[in-house]
Amino acid sequence: MDLALVLSTLDATIRLSTPLLLASLAGLYSERSGVFDIGLEGKMLMAAFAAGAAAAVFDSVWIGLFAGIMVSLATAGLQGAAAITLKGNQLIAGVAINMLAAGLTTFLGIQWFAQGGRTPQLAAGERFTEITLPFADELQGIPVIGQIYHDLISGHNLLVYIAFLAVPITWFVLYRTRFGLRLRAVGENPKAVDTAGISVIRLRYQAVLITGLLCGFAGAFFSIAQGSGFGNNMTAGKGFIALAALIFAKWKPVPVMLTCLLFGFLDALQIRLQGQSILGVQIPVQAIQALPYVLTVVLLAGFIGKAVGPKAGGVPYTKER
Amino acid sequence: MSALRPLPRWADILLLPLINLVLAFVVSGLVVLAIGQNPLAALEAIVGGAFGNGYNIGYTLYYSTNFIFTGLAVAVAAHAGLFNIGGNGQAYIAGLGVILVVLPLQFLPWWVTFPIAVVAGAAVGGLWAFIPGWLQAKRGSHVVITTIMFNFIAAAIMVYMVVNVLKPAGVLAPESAMIAAEGRMPKFGTFIPWFKNTDVNFTLLLALACLVGAYVLIWHTRFGYQMRALGHNPTASTYAGISNSRTIMIVMTLSGALAGMVAVNQIVGVQYRLVLDYVADAGFVGIAVALMGRNHPVGILFAALLFGALYQGGNELQYVIPGLSKEMVVVIQALVILFTGAMEGMFRPGLQRAFMLFGGSAARREA
């Protein structure tokens, strides 16, 4: 393999891991606060649809992004109301959100745009296009480093940079701010947080809304950055790979990034390997597609390390007992 | 907690689900209204599409057959405190077992192949749920996460198997060979012309038998008691000498076996071959059915009929009112899950207060 091929595979890796990273970090906030979220997929799908629809109708990528985030926030709010205020089953709330998103986006898409569920094709100004970083073209001539800078680091759309910027920000928020300390505490021992005079409910709502915000970015990535318009079930289970990545990374921001890059790489590899064979053996693409899920199951079972989630996860907080 | 008394039984199992269902319909109706269509016309189209004539009822019953199986799968696990979200994957991969035993035996009469297909479907579906159960019992992995992952792993395996192994040479579509006419489960329409050539077949009787079997198992056997004890209080059941890990593994296997019956219905009763994605999310409908039916076989029967009617009615909806697609049913179903499963806290306290105020003698005598 020459450098150009390696670079183009890695380039695809970065592109494919972006929505995983955004969604996985989204889930991190919610789950660290003690609210299980298997509805990442649904929130992304809602956001993808809203972003695609709004960008097409208002001819603006920014209105698209804004709409995606707003719809994702509202969905997260609904999920929060069920899981936090009404003390409902968080897992069932997630299932309901996923199903609602699958039904509503197709239903409204067919009704509004009459294109079998797709939103209209977006023009150049209505979607996020590649950004060339400063000096990328000038430095391209320098072997290796210049090429890496030009091919790999430069030339992605805005949301890719936001996703990777969200990693250090999340790390800082989680480990270096008062909010982060409380967030981690509320996922482990809400009673202690409550005793310290801090509202568990409020903290969990804040966490769930941050989840909604990041899912909004992740969903928008599908319809107005990677693609140009929304298509039926566009997120195609990526929300569950993101969930797997979150568990695989043991709910920590930097490992989340590395895991998402790994899963993104597997995805890129799987596309590259379609119909090809390595050393005479044809590897079924389905095996590579299933690998993230298999790895997560194996890790969860404690065969390679151990993934233990936040202790208070999944349990609604009740003040008086 | 404040001194709210529990609801009377009939309110708990009938009134509350009904309120939630009505609310789900009202909210979906508002969505239909918001996009400028008439929700009452839509409801009429759905009801007509589900019950209008023998043809409609036949398809309603066909959908209900699948939903009874997946609803029971969720309910049986729920009694032991387990949330089996992997009904889809279990039903899907069970098809592999069914097609692999049925194809070699296809020229035998259906009453020979059918029981074998049932055993094969139950074994493979059960195995696909046993592994998450075993991982939960012995390794402490969360059964919900594992079953989600297993849904995707099953999908990958099935695509590989259908495209690379089961697809006969010369066939373009990704599907297995057809089962010969002898090996097919007869449809109702063969005996009762009123049902026309609809997909409802005698697997429905198996579904009804499973309902009865589940009832006996859960409430009238020693094992049923063990699983309910586990579901109510795992610590107490341990002290009572019940092996929780054994119970978890058996319950998950049973749950997966029930989900696997969808494969029997689809392959031996309806499509006569293995096609991709034949489960069509019936596993997830099962969650709504179990929640709506309060995990009781009688409730599940009615809930499965309801959702069968909704799915069949939804199919007809798009022909009656252009622009309204069958996905409206998915919205209703999601709202039912949301209201009955996750937002129960919305009505229960209010209803409890209402019963305490107006409930009269019955509630007072209990107190």
Side-chain angles (χ1 to χ4, degrees), chain A residues 36 38 42 78-79 81-83 85-112 114 117 237 240-241 243-244 247 284-290 292-294 296-297 299-303 306-309 314 316 318 320-321, chain B residues 1-2 28 31-32 34-37 83 85 131-132 134-135 138-142 144-146 148-161 163-164 281 284-285 287-288 291 318 323-346:
Chain A
F36 280 156
I38 59 173
L78 177 67
Q79 202 181 347
T85 306
L86 296 171
K87 302 190 174 98
N89 185 322
Q90 297 170 1
L91 299 166
I92 293 177
V95 171
I97 292 296
N98 290 337
M99 216 176 267
L100 191 64
L104 212 52
T105 52
T106 313
F107 179 67
L108 292 179
I110 290 174
Q111 175 72 24
W112 282 345
F240 292 104
I241 299 200
L243 182 68
I247 296 163
V285 287
Q286 290 85 10
I288 304 175
Q289 282 166 353
Y293 307 112
V294 175
T296 306
V297 169
L299 181 84
L300 256 185
F303 293 117
K306 186 86 196 144
V308 181
T318 309
E320 27 172 338
R321 276 223 185 264
Chain B
M1 287 294 287
S2 48
S28 328
V31 173
V32 173
I35 59 172
Q37 298 273 16
F83 184 22
I85 198 172
I131 303 170
W134 174 71
L135 290 172
K138 299 290 184 190
R139 313 288 311 189
S141 4
H142 203 302
V144 171
I145 304 292
T146 321
I148 291 177
M149 301 297 138
F150 266 54
N151 280 344
F152 288 99
I153 299 172
I157 293 176
M158 291 304 277
V159 172
Y160 177 79
M161 288 303 288
V163 173
N164 296 303
D281 280 351
F284 289 107
V285 186
I287 298 171
L291 284 169
Q318 49 203 341
L324 280 190
S325 62
K326 61 174 192 253
E327 276 73 20
M328 201 195 135
V329 170
V330 182
V331 175
I332 297 177
Q333 172 190 322
L335 291 171
V336 166
I337 293 181
L338 190 67
F339 293 142
T340 49
M343 295 182 127
E344 235 203 359
M346 201 161 35

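Proteins get letters first, then strands, A, B, ... in listed order; numbering begins at 1 in each. Excluded from the calculations below are hydrogen atoms, water molecules and symmetry mates; all remaining heavy atoms, backbone and side chain alike, are included.
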- request: For M149(B) and A244(A), work out which heavy atoms get closest and say how close.
  value: CE-CB, 3.7 Å
field: Under 4.5 Å from a heavy atom of chain A, the part of F339(B) involved
entry: neither
field: Pairwise distance CD1(I85(B)) to CG(N98(A)) - rounded to 0.5 angstrom
entry: 8.0 Å
- request: Counting only heavy atoms closer than 4.5 Å, note whether I35(B) contacts chain A via side chain, backbone, both or neither.
  value: both
Result of checking I337(B), T340(B), L338(B) against I92(A) for side chain to side chain contact (heavy atoms under 4.5 Å, CB included): I337(B)
query: Where does F83(B) contact chain A at under 4.5 Å (heavy atoms): side chain, backbone, both or neither?
result: side chain
V336(B), part contacting chain A, at a heavy-atom distance under 4.5 Å: neither
- prompt: Are side-chain heavy atoms of F152(B) and T296(A) found at a separation under 4.5 Å?
  reply: no
message: I need the minimum non-hydrogen distance between E327(B) and G103(A), along with the two atoms involved.
response: CB-O, 3.6 Å
Euclidean distance, H142(B) NE2 relative to I247(A) CD1, rounded to 0.5 Å: 9.5 Å
statement: Honestly, the part of V331(B) sitting under 4.5 Å from a heavy atom of chain A is both
- line: Among A82(A), P292(A), A81(A), the residue with the most heavy-atom pairs under 4.5 Å to chain B is A82(A)
field: Closest non-hydrogen atom pair, A301(A) against S141(B)
entry: CA-OG, 3.6 Å
query: Do the side chains of K326(B) and I110(A) get nearer than 4.5 Å, heavy atoms only?
result: no
message: So, taking the atom named NZ in K87(A) and the one named CE in M343(B), what distance separates them when rounded to the nearest 0.5 Å?
response: 14.0 Å
- prompt: Which atoms of I157(B) come close to chain A, meaning under 4.5 Å heavy atom to heavy atom: side chain ones, backbone ones, both, or neither?
  reply: neither
query: Could you state the interatomic distance from CZ (F240(A)) to CD1 (I145(B)), rounded to the nearest 0.5 Å?
result: 9.5 Å
- prompt: Quick one: of V159(B), I153(B), L135(B), who has the most non-hydrogen atom pairs under 4.5 Å with chain A?
  reply: I153(B)
task: Would you give the length of the straight line joining atom CD1 of I148(B) to atom CD1 of I38(A), rounded to the nearest 0.5 angstrom?
output: 4.5 Å
- prompt: Where on L108(A) is there a heavy atom nearer than 4.5 Å to chain B: the side chain, the backbone, both, or neither?
  reply: side chain
- prompt: Say you draw a straight line from CE of M328(B) to OG1 of T106(A); how long is it, rounded to the nearest 0.5 Å?
  reply: 14.0 Å
query: So do the side chains of V32(B) and F107(A) get within less than 4.5 Å of each other, counting heavy atoms only?
result: yes
message: Any non-hydrogen side-chain atom of L324(B) less than 4.5 Å from a side-chain atom of Q111(A)?
response: yes
query: Looking only at heavy atoms, which two atoms of N164(B) and Q286(A) are closest? And how far apart?
result: ND2-OE1, 4.4 Å
